[in-house]
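Below, chains carry the letters A, B, ... as their sequence lines are ordered, and counting in each starts from 1.
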Amino acid sequence: MWWDELLRVTSVKKVTHDLKGLLRHHLILSESSMEDALRDEAWQDVRIMAYLHDPDAGDYSLERLGRNLGISIVAQPVAKSHATDNDRIAKLCESAVLIHKAYEWYKVRLDEMDLWELFTTVEMPLSFVLASMERHGMLIDIEYLRQLRDELNTALRELEERIYKLAGERFNIRSPRQLGRVLFEKLQLPHGRRTKTGYSTAADVLEALAPQYEIVTRVLEYRELEKLRSTYVDGLLELVNPTTHRVHTTFDQAGAATGRLSSSEPNLQNIPIRSEWGKRIRRAFIAPSGHVLLSADYSQIELRILAHVSGDEALCNAFMHGEDIHTRTAADVFDVSMDEVTDDMRRRAKVINFGIVYGMSSFGLAQQLGISQDEAMRYIENYFNRYPKVKEYIERTIEHARAHGYVTTLLKRRRYLRGINSTDEREREAAQRAAINMPIQGSAADIIKVAMVRLWSEMLRRNWRAKMILQVHDELVWEV
DNA sequence: ACTCTCACG
DNA sequence: ACGTACGTGAGAGTT
Ligand SMILES: [Mg+2]
Ligand SMILES: [Mg+2]
């Protein structure tokens, strides 16, 4: 058939808008056709081109791209149920023109930004990988999830009754407003900060009160279980295919401004793991009979990237010697030997390491660690004395952002920081933190994307059957 | 549509 | 939450 031939032959270049969507829902290519396509760069997608050009733009619909280029839309949209063949043909012709014009425009932009290699050798092949992962889906143990739902409902009902009894009235615990009224007005508990709309009932505020007041402990327990029940049990069950028992997430390859992917309907990148109940939720994700789930993740990839891009000798040495990085940081910041680092010192060093990558202030560190701002300042000062090139890297990055308006990753992915020269201090400092973080978070995204593309090709080449099914930022999950 | 809260890396 | 730690998506309540 001429159409199949056209799709297969790589001398005919194909330009799309939302290639991953096409591959997931409409276009079935054989694996050998996909290998040919990747090698010859036969498919190019204007949605991804526009994302690489400005990953903060948010809307990459064809309509939006057309308006950006000043192309007015002529064909009138007609309600699907009333559309005639002629209506459909008119819209499709217009889409074809828009895709062509957008391609010609963004091609020049990406070339100017030196993004062509990232586009053709990483992002385009990745669209094929992601489409294949989405189509395969993740198997869910529905019966187990239903049992868990019943168990959660029982526990929630008991907590509910206890909370009503301690409050002396029945109210909607899920309403922050009603909860604030009960805790901080009726029961006169000391309130923490306020939100725009009332008293804050966020977990960190409630945790400070929990040791003194049983009702607060019960509310925190209620919150944890209610979150798991609504989002991860009921939410997931609604999205499971009743025939195949699989959920099929959608990865957004043009969503996150740093170059990360995101995942929705369901979001499979935020499945619980930290709490005991969370781990029980995770057990609902299974492999078919005769298979197992296998997960492989990078160790401290962001801090390794920080070591690499800063060139800090102490940080590089720590990684080259295979040291536990948080223990090493604790020894350096608290001026003890690695042997003398206590669990609590390591915990504090871990908070410091995360904070560094996020551009944290002494205020933020003090809040997180529950220490004074003076103490936090001393920690940060010690850190930068021990890792001086990290400080230089941060200063250099902010200066680059100020001078050029953008920052980049290892593979030249670019993010513009529109607030970086703002006269509004708050906005400017927020842009500075984003500038510090993006090259690190974004380079990690570059690295795992390259890994995904290489692994996928290599698995095909060897005819190995293990199936890559999820990416969780620094982790790949396989059905094996 | 917005706010608050909270799950993940 | 905020001026004060990056990046996401989702559910519930409220308007
Ligand atoms: Mg890891
Ligand atoms: Mg939101």
Side-chain angles (χ1 to χ4, degrees), chain A residues 55-56 58 171-180 191-206 219-220 222-236 238-239 249-252 255-275 277-279 281-282 297-298 300-303 306 351-369 373 376-377 380 407 415 417 422 424-442 444-445 448 470-475:
Chain A
D56 273 294
F171 65 102
N172 188 346
I173 306 162
R174 283 156 298 201
S175 162
R177 201 171 113 185
Q178 292 180 42
L179 180 62
H191 62 82
R193 57 176 187 261
R194 288 169 185 277
T195 68
K196 269 178 266 187
T197 51
Y199 306 105
S200 172
T201 65
D204 61 325
V205 172
L206 298 189
V219 167
L220 285 166
Y222 181 90
R223 280 254 178 90
E224 181 188 355
L225 300 196
E226 173 61 16
K227 173 80 175 181
L228 297 179
R229 187 194 59 76
S230 62
T231 305
Y232 299 105
V233 178
D234 291 350
L236 213 50
E238 282 169 27
L239 292 170
T249 190
T250 300
F251 288 107
D252 191 345
T258 56
R260 273 191 178 181
L261 303 175
S262 70
S263 159
S264 63
E265 284 183 292
N267 182 352
L268 293 183
Q269 291 181 320
N270 72 344
I271 300 303
I273 190 171
R274 293 173 189 170
S275 75
W277 276 99
K279 291 189 176 80
I281 300 265
R282 219 165 241 236
D297 72 304
Y298 289 98
Q300 306 296 348
I301 190 169
E302 293 197 352
L303 289 173
L306 178 63
V351 174
I352 293 170
N353 276 329
F354 275 105
I356 292 292
V357 172
Y358 298 154
M360 142 188 88
S361 65
S362 56
F363 179 94
L365 182 62
Q367 288 287 300
Q368 275 301 308
L369 289 180
Q373 207 173 331
M377 246 152 84
I380 292 173
V407 290
R415 182 183 187 182
L417 286 309
S422 170
D424 177 344
E425 186 179 356
R426 188 183 55 80
E427 186 184 7
R428 193 174 61 247
E429 288 178 346
Q432 288 172 354
R433 293 192 299 274
I436 294 166
N437 181 252
M438 185 273 176
I440 300 170
Q441 189 180 114
I448 196 167
L470 286 184
Q471 187 251 47
V472 193
H473 310 306
D474 72 339
E475 171 188 18

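Here CD1 of A/Ile436 is found 13.5 Å from CD of A/Gln441. Values are rounded to the nearest 0.5 Å. Taking NE2 from A/His473 and CG from A/Leu261, the interatomic distance works out to 8.0 Å, rounded to the nearest 0.5 Å.
Nucleic acid contact for A/Ile436: none, since no nucleic acid atom lies under 4.0 Å from a heavy atom of the residue. Residue contacts shown for A/Glu265 are limited to sugar-phosphate atoms, with no base heavy atom under 4.0 Å away. As judged by a 4.0 angstrom heavy-atom cut-off over every strand, A/Ala203 is placed among residues touching the sugar-phosphate backbone only. When heavy atoms are screened at a 4.0 angstrom cut-off, A/Ser230 is found touching the sugar-phosphate backbone but no base atom. Using a 4.0 Å heavy-atom distance criterion, A/Asn267 is classed as a sugar-phosphate-only contact.
One can place CG of A/Asn172 at 5 Å from P of C/dG13, the figure rounded to the nearest angstrom. If you take CG of A/Asp56 and C1' of C/dG7, they are 11 Å apart, rounded to a whole angstrom. A/Leu261 places its CG atom 11 Å from the P atom of C/dG9, with the value rounded to the nearest Å.
The phosphate of B/dG9 (OP1 or OP2) has a side-chain N or O of A/Arg274 nearer than 4.0 angstrom. Within the structure, a side-chain polar atom (N or O) of A/Ser175 is placed less than 4.0 Å from OP1 or OP2 of C/dT14. Of the side-chain N and O atoms in A/Thr197, one or more sit less than 4.0 angstrom from OP1 or OP2 of B/dC4. Checking the phosphate oxygens (OP1, OP2) of C/dG7, a side-chain nitrogen or oxygen of A/Arg415 falls inside 4.0 Å. Between A/Arg433 and the phosphate of C/dC6, there is a side-chain N or O to OP1/OP2 separation shorter than 4.0 Å. Phosphate contact (OP1/OP2 of B/dT5, side-chain N/O of A/Arg223, threshold under 4.0 Å): absent.
Judged by distance alone with a 3.5 Å cut-off, a donor-acceptor contact links the side chain of A/Arg260 to the base of B/dG9. Within 3.5 Å, a donor on the side chain of A/Gln441 pairs with an acceptor on the base of C/dC6, or the reverse.
Between A/Arg229 and A/Glu226, at least one side-chain N (NZ, or NE/NH1/NH2) sits under 4.0 Å from a carboxylate O, which counts as a salt bridge.
Distance from the side chain of A/Lys196 is smallest for C/dC2 among the nucleotides C/dC6, C/dA10, C/dC2. Comparing atom distances between the A/Thr195 side chain and each of C/dG13, C/dA1, C/dA10 picks out C/dA1 as nearest. The A/Tyr358 side chain lies nearest to C/dC6 when the options are C/dC6, C/dA12, B/dT5.
Distance noted for atom C1' between C/dA1 and B/dT5: 12 Å (whole Å). Atom P of B/dA1 sits at a distance of 26 Å from the matching atom of C/dT4, rounded to the whole Å. Rounded to whole Å, the C1' atom of C/dG3 lies 22 Å from the corresponding atom of B/dC2.
Counting heavy atoms from C-beta on, the side chains of A/Arg193 and A/Asp204 come closer than 4.5 Å.
Scanning all heavy atoms of the two residues, the minimum distance from A/Ser263 to A/Thr249 falls at OG-OG1, 2.7 Å.
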